[in-house]
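Owing to the predicted nature of the structure, the values given are computational and were not obtained by experimental measurement. Just so it is clear, the values below take in all heavy atoms, side chains as well, and ignore hydrogens, waters and symmetry mates. Each chain gets a letter, A, B and so on, in the order its sequence line appears, and its residues count up from 1.
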Protein chains: 2
Amino acid sequence: MRQGVSRQRLTELEGAALGHVLRAGACTPYAIKETFRTSPARFWSGSAGAVYPLVRRLVARGLLVAKPDKRDGRARRFVSATPAGRTAWLAWLVDADRAADFGFDPLRTRLFYSELVPPRRLRAFLAETAGILAAGTRAPQSELPHVPVLHAVWARLRASALAEFAETMDKKPRRRGRG
Amino acid sequence: MRQGVSRQRLTELEGAALGHVLRAGACTPYAIKETFRTSPARFWSGSAGAVYPLVRRLVARGLLVAKPDKRDGRARRFVSATPAGRTAWLAWLVDADRAADFGFDPLRTRLFYSELVPPRRLRAFLAETAGILAAGTRAPQSELPHVPVLHAVWARLRASALAEFAETMDKKPRRRGRG
DNA sequence: TAACCCATGTAATATGTTACATGATTTT
DNA sequence: AAAATCATGTAACATATTACATGGGTTA
């Protein structure tokens with residue numbers, strides 16, 4: 001039970017992995033892993049221990065098919081998406097409810113507790129973070145034009161969120177206000 | 001080995017839990033759990049199976065102390081942060097490297113693969129997501145003035161990021177472009 | 001008094017992390 | 001020839017999820 005053939009919605013990592021396969025065409029689990037490992041977001045480590053079992057799961061559910069290939073001496077497997085895989089992936093992607101979710105932003109989490117941080121340390125922290133964001137480190141290179149655009153939009157978004165929040169704090173100084 | 005007294009950096013969830021305790025003062029693990037469970041971000045489910053062991057870990061590391069309280073018939077434990085807990089928490093919060101990380105945004109992940117989605121479904125998806133974001137559902141109520149501000153800022157910026165990205169896509173239609 | 005919330009916690013399971021192991025091919 | 005990279009995968013461990021179990025207090 002639990003999963004007759006394809007059951008259950010995809011997790012975010014599964015959706016991203018399937019997306020990579022659909023974009024790249026037949027590719028090795030290693031390639032998927034490397035994509036995550038070298039991506040600018042460090043949230044997904046792209047460890048072998050995560051990706052190989054994940055691929056096996058998707059194959060078992062009939063969303064991916066694997067074909068061994070030994071043309072080079074290397075023992076490689078090329079995986080590609082099945083029609084069921086594409087369908088499940090599309091359903092995952094167009095889930096607006098999940099898309100609208102705030103997800104998980106380390107900056108937002110920290111700002112949420114900012115009133116507990118001594119003013120000077122807070123200011124130093126905000127300045128340092130703003131600096132890193134402004135540098136726009138680790139922008140992904142890609143042949144796809146929208147990928148760097150997406151990176152840029154989000155980097156700018158977070159930088160301006162930080163600036164806006166810092167400004168708000170300056171206007172309403174914590175403690176010893178007169179209201 | 002592994003952790004003499006407090007060793008290792010805090011995870012995001014541990015940081016948030018400690019933050020809650022520092023803000024609220026002595027409180028029950030249940031209160032911590034409920035805070036996560038009812039928070040607007042569904043990313044942290046706030047399950048008992050996550051929070052109770054987490055609190056036990058923090059107590060074991062000397063970052064929290066627990067005091068049983070049976071004044072009501074109920075068997076409750078009140079936890080509060082130790083000085084070491086506060087120090088570890090501050091170090092966690094002012095880590096600008098982690099703060100600058102993109103974290104994990106379900107919308108961004110999906111837009112990343114948007115060129116693989118049939119145009120009509122993509123448009124419908126973007127419209128639906130924009131609607132949910134605009135409605136600003138599940139805004140947190142709080143006595144702290146900056147909490148709803150933070151929520152509002154992030155919701156607005158994500159909505160405008162979505163709009164900006166959709167606009168870019170319209171300008172450069174995928175496939176059958178002429179250049 | 002039945003239903004619900006407060007409050008604790010565990011069990012089975014799923015999934016991810018770091019670190020290790022193995023071997024072929026390519027680059028220096 | 002040595003080092004790096006491609007490519008696979010496992011082992012031990014950490015952490016989270018869902019679902020269950022238990023019981024006191026509060027509200028309809």
(message) Without decimals, in angstroms, what is the distance between R61(B) CZ and dA14(D) P?
(response) 11 Å
(request) Grab the CG-P distance between L54(A) and dT8(D) for me, whole Å please. (result) 14 Å
(message) If you take the centroid of each ring, where Trp contributes its six-membered ring, are F43(B) and F104(B) closer together than 6.0 Å?
(response) yes
(request) For L13(B) and dT15(D), give me the distance from atom CG to atom P, rounded to whole Å. (result) 10 Å
(message) Please give the remaining members of the hydrophobic cluster of Y52(A), linking ILVMFWY side chains under 4.5 Å, ordered by chain and number.
(response) Y30(A)
(request) Using whole Å, report how far CD of E12(A) lies from C1' of dA14(C). (result) 16 Å
(request) To the nearest 10°, let me know how far the axis at one end of the helix from dT1(C)-dA28(D) to dT28(C)-dA1(D) is tilted from the axis at the other, five pairs an end. (result) 30°
(request) Would you indicate, yes or no, if dT17(D) has its OP1 or OP2 atom less than 4.0 angstrom from a side-chain nitrogen or oxygen of S47(B)? (result) yes
(request) Report the distance from atom CG of D69(A) to atom P of dT8(D), rounded to the nearest whole Å. (result) 10 Å
(request) Just jot down the side chain to side chain contact (heavy atoms under 4.5 Å, CB included) partners of S45(B), sequence neighbours excluded, or say none. (result) S47(B)
(request) Would you please indicate if the ring centroids of Y113(A) and H20(B) are separated by under 6.0 Å? (result) no
(message) Nearest whole Å is fine: how far is dA14(D) P from R57(B) CZ?
(response) 10 Å
(request) Take nucleotides 2-12 of chain C nucleotide by nucleotide from the 5' end and write B, S or -, depending on whether a protein heavy atom sits under 4.0 Å from the base, only from the sugar-phosphate, or from neither. (result) ----BBBBB--
(request) Can you sort out the partners of R98(B) under salt bridge (charged side-chain N to carboxylate O under 4.0 Å, His left out), two or more places apart, ordered by chain and number? (result) E12(B)
(request) Could you list the residues that satisfy salt bridge (charged side-chain N to carboxylate O under 4.0 Å, His left out) with R74(B), not counting sequence neighbours? (result) none
(request) Examine R23(A) relative to F112(B) and say whether NZ or CZ is less than 6.0 Å from the centre of the six-membered ring and inside a 45° cone about the ring axis. (result) yes
(request) Mind calculating the distance between CZ (F36(A)) and P (dT18(C)) to the nearest angstrom? (result) 15 Å
(message) Measure CG/L58(B) against C1'/dA14(D) and give the value in whole Å, please.
(response) 14 Å
(request) For R158(A) and R108(A), indicate whether the former's side chain and the latter's backbone hold a donor-acceptor pair under 3.5 Å. (result) no
(request) Mark yes or no: R110(B) above the aromatic ring of W92(A), with NZ or CZ under 6.0 Å from the six-membered ring centre and no more than 45 degrees from the axis. (result) yes
